[in-house]
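Just below is one structure, and these are the notes that go with it.
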Amino acid sequence: MATAAAAAARAPQTTSRPLRAWQQAALAQYEEASPKDFLVTATPGAGKTTFALTLAARLLARREVARVVVVAPTDHLRLQWAEAADAMGIVLDPNLTNAVGPVRAGTQGYVTTYAQVAGKPMLHAARATAVKSLVILDEVHHAGDGLSWGEAVEEAYGMAARRLCLTGTPFRTKPDERIPFVRYEEDTFEGEAGGLVSRADYTYGYKEALADNVVRPVVFAAYTGTSRWRNSAGEVVAASLSDAGTKSVEMQAWRTALDPKGQWVPHVIAAMDDRITHLREEGGMPDAAGLILASDQDDARDYAKIVRRVTGKSPELILSDDPKASKKIEKFATGSARIAVCVRMISEGVDVPRAAVLAWMTSYRTPLFFAQAVGRVVRSRASHESATVFLPAVRPLLSLAASMEEQRNHVMPPPRSQPDEELEALDLPPREPREGELKQWEALEADARFAHVLHGGTAHTGEGSGGSGGGIAVAAPEEEDFLGIPGLLTPEQTASLLAKRDDELRLRIAASHRNDADDFMVVEDHPDEDDTGRSWRDAAELRREINRLVNRVAARTAQPQAVVHTQLRQSVPGPPSASASVDVLRARRERLRTML
């Protein structure tokens, strides 16, 4: 592997800002080998998008490829990729649908989603092989066979000239759940032979990124509390989050704590808001913001009301079925709002650099989702910034937090004769009971208490000693200098601050309940931003304007709209509007104006 220093010396600059050392080293390694397939594993926030687009720009400039196709997990990421490509002089259309055959003239490619590829794999195969193409598979773990998208991705891009696979969180899956275009090697698994593990061509982990000041240091603020619920037998059960006993009791205590009617959620939201204020006023981050992750849309709406009640300000509520979701993410990323509440819209890939605080109020507990969600708040802009994650003090989450710096590959264990409980368990809320069935669980109440801060796998209680919860060691006084973060509060100081504020927050929550009112507007809609100025945005606006003008011409001439469209294409030849270039669309618009 080429050294970062050697790569930096000879790599031309394609972006407006200098490439990071790891990006230059990865580019040098790629160009030395010129492979058909290349897998990059880089921690969330490290800059995979910049790396991929820099490589694409170089291949386009050398005419080694003539088209770039990006496959992303979500529709919002299509827009994010297109914006990033525009900034580097690459025009990628994020609006190309499966109903349109050819790629629009005037672009150098397009951005699609795994779901679209699965809908018409042969269409995407035709686009990727019509000319020599570089296919960028963003968060390629979504193409696992078990997700039903793997076969489609392999069918669509098996004959592409070049493939670049990107991922931030390789993970463990069931046997035979291979990811297309990823190289696997035999490996021992828990002492057994026969397992497979992925092999990345270039790896850049959280620990390396932290040392390079590419990501923020993150501390995890764990909150315990006592949960009370009624089981299916009608019995009232009480348990502590941090000492719940069996897995079943732990999950019920966890679910009860997340119930919007209890006190755990408003207490942690108040602590989160307090942390945002500290970062804005004393932490050198005047635009600091926080993200709240909910398990479902109903909880998200309830949490938004609690944020409004506790903080006095409306959060941004971002739901997947909201047609304005992408707009709201963009507005939140560049605006001044303090908190956004969402379900899964910003858990993967979405770039909100000013977000530095995360509240984990969801029952999801997989390593993949945890790493991706935490990755939303670790992107570094300056060396003095830090990230804080508020989470329930339950063993599954504390274990994930403690292993934050571990390197992970995509591991496929050998088949087991017995089901693996960890893999079979779904991180989804249980179904509602059918009519006539007894409820298996009913939340009654839950309180919240600060437990500890977890940093670097070590717990700090804020009292100099005490339990850590989850079996994690408490730091000795002589370790504090080593664990301290230059220019920031040490983990122990952060814990002390949160612990001292705990009683004050409890009084604040009680006062907010006295002033509770449900008739406020939870989320304020924001005015639409100007979408013009970029080629693919121009094309979308031109198509809308042409349709309006066709309607007016049809009404004025008493002709069917289809006839007007046909006449227009005869007057201004070219492909249908959906795949026409900006120049053709502008000419058709002017032609329609002369017909009025």
Side-chain angles (χ1 to χ4, degrees), residues 220-271 292-303 305-306 359-366 369-370 390-401 419-452 454 459 461 466-472 502-503 505-506 509-510 513 516:
F220 296 89
Y223 278 72
T224 185
T226 301
S227 298
R228 295 177 67 249
W229 66 94
R230 183 177 284 108
N231 63 20
S232 59
E235 300 169 333
V236 175
V237 182
S240 167
L241 278 176
S242 52
D243 190 22
T246 66
K247 287 185 178 180
S248 175
V249 171
E250 180 180 66
M251 283 303 301
Q252 303 289 21
W254 185 355
R255 290 175 60 205
T256 302
L258 297 179
D259 186 78
K261 297 187 294 292
Q263 293 301 299
W264 194 93
V265 169
H267 189 102
V268 173
I269 286 176
I292 295 176
L293 293 183
S295 291
D296 56 49
Q297 296 194 6
D298 289 338
D299 279 353
R301 293 185 180 94
D302 288 337
Y303 292 167
K305 292 180 181 179
I306 295 171
W360 190 273
M361 295 187 178
T362 173
S363 59
Y364 293 104
R365 63 190 186 278
T366 61
F369 186 73
F370 187 84
F390 291 84
L391 74 171
V394 291
R395 286 171 295 182
L397 296 182
L398 295 177
S399 297
L400 292 174
D420 188 328
E421 292 182 4
E422 179 185 344
L423 295 179
E424 297 297 337
L426 293 176
D427 290 330
L428 298 172
R431 67 170 177 82
E432 287 296 313
R434 298 187 181 92
E435 187 176 353
E437 286 184 338
L438 291 175
K439 283 189 176 182
Q440 298 297 311
W441 163 88
E442 180 186 0
L444 298 178
E445 62 182 5
D447 60 18
R449 299 186 307 279
F450 171 72
H452 61 263
L454 181 65
T461 63
S468 62
I472 299 168
D502 216 37
D503 290 337
L505 293 175
R506 200 165 283 108
I509 297 304
H513 269 291
D516 189 10

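Here, residue 1 is the first one in the sequence, and each next residue gets the next number.
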From [atom1] ([X]) to [atom2] ([Y]), nearest 0.5 Å:
X: H267; Y: Y223; atom1: NE2; atom2: OH; answer: 5.5 Å
X: D298; Y: Y303; atom1: CG; atom2: OH; answer: 11.0 Å
X: R365; Y: M251; atom1: CZ; atom2: CE; answer: 4.5 Å
X: S227; Y: E445; atom1: OG; atom2: CD; answer: 9.5 Å
X: L398; Y: L391; atom1: CG; atom2: CG; answer: 6.0 Å
X: L241; Y: W254; atom1: CG; atom2: CH2; answer: 9.5 Å

Compare every heavy atom of [Y] with every heavy atom of [X], then report the nearest pair and how far apart it is.
X: P260; Y: I306; answer: O-CD1, 3.5 Å
X: T256; Y: L444; answer: CG2-N, 4.3 Å
X: D259; Y: V265; answer: O-CG2, 4.0 Å
X: W264; Y: A448; answer: CD1-CB, 3.5 Å
X: D447; Y: T226; answer: OD1-N, 2.7 Å
X: A239; Y: V249; answer: CB-CG1, 3.7 Å

Open item on the list: With a 3.5 Å distance limit and no angle check, can you tell me whether E442 reaches the backbone of W229 through a side-chain donor-acceptor pair?
Closed with: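 Here the side-chain-to-backbone pair does not exist.
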Task: Chi angles and distances behind the side chain to side chain contact (heavy atoms under 4.5 Å, CB included) call for D299, M361 - done: CA-CA 9 Å; D299 279 353; M361 295 187 178; over 6 Å; no
Task: Close aromatic pair by centroid cut-off 6.0 Å: W360 and F220 - done: no
Open item on the list: Are R255 and S295 packed together at the side-chain level, in the sense that at least one heavy-atom pair is separated by less than 4.5 angstrom?
Closed with: no
Task: T224 side chain reached by S240 side chain, heavy atoms, under 4.5 Å - done: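 Yes. Closest side-chain heavy atoms under 4.5 Å.
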TODO: Please determine if R230 and E235 form a salt bridge, counting it only when a charged side-chain N lies under 4.0 Å from a carboxylate O.
DONE: no
Open item on the list: Would you call the rings of F369 and Y364 parallel, tilted or perpendicular, taking 30° and 60° as the class edges?
Closed with: tilted
